[in-house]
Every structure is written in structure tokens, then in C-alpha cells.
Amino acid sequence: MKVPLLDLKGQYSKIREEVRTVVDEVCDSQYFILGPRVETFEKHIADYCGVKYAVGISSGTDALLVALMALDLKPGDAVITTPYSFFATVGSIARLGAVPLFVDIDPVTFNIDVGNVRTVLEKWPKSSKNFVKAIMPVHLYGQSADMDPLLEISNEYGLRVVEDAAQAIGAEYPSASAGKRAGSMGDIGCFSFFPSKNLGGFGDGGMVTTNDQALYEKIARLRNHGMHPKYYHHMIGGNFRLDALQAAVLDIKLKYLESWHEARRTNAGRYDAALKGAGIVTPTPVYAGRGIKNFHIYNQYVIRVPERDSMLAKLRAADIGCEVYYPVPLHLQECFKHLGYKEGDFPESEKAARETIALPIYPELTPDMQAYVAKTLKG
Ligand SMILES: *Cc1c(COP(=O)(O)O)cnc(C)c1O
């Protein structure tokens with residue numbers, strides 16, 4: 001049996017007519033960049049995420065970049081983040097000349113470990129030339145980082161909070177103090193509509209969310225070269241605009257998103273049951289049973305196995321799509337050598353990079369396919 005890591009054709013076949021209709025409408029209008037389609041979609045995303053404002057952006061990467069630009073991140077400023085994420089998280093910090101200040105992850109959730117954040121801040125010398133300006137948690141694989149204690153620390157130290165919610169649209173957190181959904185708890189939330197995310201477009205796309213009107217206005221301008229009014233520039237932005245075609249397609253898909261999350265959770269439950277007692281560490285949904293529906297949206301279902309590379313080979317030989325997110329932690333990437341980190345600095349991130357495998361989890365996966373994956377893993 002062939003089981004792909006992700007198969008978007010099944011999803012498309014169910015919404016094909018609806019999508020083709022709006023694509024035709026956009027083509028007939030010949031209105032391709034920003035405009036009413038993007039505005040409607042922004043409003044729907046703001047409502048969905050429980051925030052006041054949303055700004056359509058060209059990609060998740062650009063969403064992170066424009067968020068940090070809006071916070072006036074300066075060269076030399078430090079931003080606390082995780083070494084166990086997709087490159088864009090830290091790339092956006094480094095591209096502005098700022099310094100990523102890594103802290104290790106919690107091995108259960110793979111998210112930033114709040115205790116480590118506090119330790120780093122307590123040790124950070126007041127005399128340092130690098131001013132710690134922000135913290136950038138990532139809601140990895142579709143489960144929120146532990147936001148309440150992070151928000152408490154950020155208040156205490158006067159840090160801005162930018163959530164990398166690229167993998168976590170709609171994921172909820174049982175917050176006592178803030179919004180509940182990913183991207184609504186910090187100062188700014190950043191989303192990606194890369195095709196493999198739970199809400200994926202027909203190409204690149206992204207979104208920034210915020211409850212702060214001043215940040216909203218600034219980000220909306222930065223997205224279009226800092227222009228306001230037309231051809232007057234009080235700040236330097238870029239071309240971070242979202243296409244109308246993407247907004248139109250995504251707006252159709254948004255209607256189905258909750259059912260897709262639900263199907264992913266059902267699939268996760270099936271794997272959990274099938275892999276019990278097999279010496280495989282399955283994901284721990286730490287907020288399950290806390291009265292929220294989207295305690296995890298399983299953008300990825302990631303297991304840990306001790307002999308990872310031989311297990312990968314076995315899965316691939318059985319025609320099962322799988323992937324390692326991520327094989328090299330960010331502090332050990334060649335391009336960050338100058339930061340002076342070394343192997344052993346973040347043992348949990350390094351261990352995760354050695355032990356994890358992402359299995360197929362997309363909504364249209366069948367119970368037969370899952371049984372075959374489980375059997376292969378146990379065989
Ligand atoms: C996908 C992703 C991004 C980047 O989004 P793009 O739309 O591909 O630019 C950033 N951070 C994380 C954690 C991601 O998974």
C-alpha cells in the first residue's frame with residue numbers, strides 16, 4: 001500500500017466546484033492584488049482567531065518579518081526563541097540584524113520551555129550591548145506553547161510577544177488571561193498558508209493578526225512599501241501583499257477548517273491507540289480535557305523512536321511518506337556559526353532532531369492506511 005505524507009488531491013476534489021467558481025470570479029474581475037477579496041478574508045480570519053485585526057501577507061515568512069519590522073527591531077536587539085522550528089522563525093530575526101537568543105524546548109510538547117526563558121533572562125547581563133526586545137514562541141505541530149507563563153514573563157521584563165502560529169491556525173490554549181486561539185495572545189500573531197498547513201492556499205500566503213490598532217495600521221502600510229497615502233513613504237516597508245486569488249481560495253477552505261482539524265484529531269486518536277505499548281513515543285496533547293475543542297490541530301503527528309534513521313528507512317521501503325521536522329536544530333545551522341553556539345547547548349532540541357518522525361495525518365487518510373502505517377512501525 002502507498003501512503004503519502006500528504007495528499008491534497010482528495011481535499012480538492014470535494015471543493016473543486018466552489019473553488020473554481022471563485023477563481024473564475026477573480027479572473028473575470030482582473031483584480032489580483034489586495035482589494036475586496038483580501039479584505040473579506042482578513043475579516044474572516046480575524047473573527048476565526050478572535051482578534052480585532054488581520055492583515056493578509058505574501059507568506060508566513062514575510063508575516064514574521066513584517067511583524068518584527070513593526071516592532072522596530074533594531075540591529076543588535078535580541079529575540080528569545082526556540083532552536084527547534086522551521087528556519088523562517090529565526091531567519092526573520094537574523095534578517096533584521098537582530099540576534100536570536102535560543103532557549104531549549106520542553107521535550108513533551110517540543111515547544112519553548114518557559115522555565116528556560118526565565119533562566120536566560122535572569123542571567124542576561126544588564127550591561128549587554130544586546131537589548132532583549134521580544135520573545136517569539138512557536139506553536140509547533142499545531143499545539144499552543146504555554147502562553148500564560150510566557151505572557152507573565154514578558155510583562156515582567158517588558159518584552160513584546162510575536163507568536164509564530166504558522167502551524168497552529170485555530171489551535172486553542174486554556175488561557176486564564178488572554179485570548180484563547182493561537183495568534184491572539186501575544187502582541188502579534190503570524191500565520192502561513194503554505195499548502196501543507198492545515199489551511200493551505202494554492203501557493204504562498206500568510207497573515208498577521210493583532211488587537212493593537214497602531215500595530216495594525218503600521219503593518220498594513222509596511223506590507224505595501226510603508227506607503228501612506230499613495231506614493232508618500234514615512235517608513236521603509238516591502239512588497240508583502242497577499243493575492244486576491246489566494247484569499248478567494250482560502251476563504252472557501254476556511255469554511256471546512258474545523259472539520260479538517262477534527263478529522264486530523266480522529267486520525268491522531270487512531271494512531272495513539274494502534275501504537276500503544278509499541279515502544280514508540282506518541283504526541284502528548286497537553287491541553288486535552290481542559291474544555292477546549294482545538295487543544296491540538298495536528299498539523300503534524302510526530303513520534304519519537306530511538307533508532308530513528310532505520311525506522312525512516314523501513315517506512316520508506318514500505319511506501320509510507322514520512323519526514324523529519326527538523327533534522328538540524330537552528331543553533332547548529334551553518335549560517336548561524338558566528339553566533340557561537342555548539343553541539344550540547346540545547347540537548348532537548350538536539351535529541352528531538354535525532355528521534356522524531358512525522359507520519360501522514362491529513363484528514364482524508366483512511367483507517368486502512370493508518371493500520372498499515374502502525375503495522376509497519378511495529379513490525
Ligand atoms: C511554514 C512555517 C513558516 C513559514 O511559512 P511560509 O508561508 O512557508 O513562509 C514559519 N514558521 C513555521 C513554524 C512554519 O511551519
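Atoms within each ligand, like the ligands themselves, are counted from 1 in listed order.
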ring-ring contact (aromatic ring centres under 6.0 Å, His included) involving Phe87 - partner list, sequence neighbours excluded: Phe336

Contact residues of ligand 1 (heavy atom under 4.0 Å), by chain and number: Ser59, Gly60, Thr61, Leu64, Ser85, Phe86, Ala88, Thr89, Val138, Asp164, Ala166, Gln167, Ser192, Phe194, Lys197, Gly205

Presence of salt bridge, Asp47 and Lys43, under 4.0 angstrom: yes

Mutual orientation of the aromatic rings belonging to Tyr48 and His261 [parallel < 30°, tilted 30-60°, perpendicular > 60°]: tilted

Charged N-O contact under 4.0 Å between Arg223 and Glu42: yes

Identify each donor-acceptor pair in which a side-chain atom of residues 50-60 lies under 3.5 Å from a protein atom, sequence neighbours left out, and give them as a table.
from: Ser58; atom 1: OG; to: Asp62; atom 2: OD2; distance (Å): 2.6
from: Ser59; atom 1: OG; to: Thr61; atom 2: N; distance (Å): 3.3
from: Ser59; atom 1: OG; to: Asp62; atom 2: N; distance (Å): 3.0

Connected hydrophobic set around Val281, excluding itself, where side chains approach under 4.5 Å: none

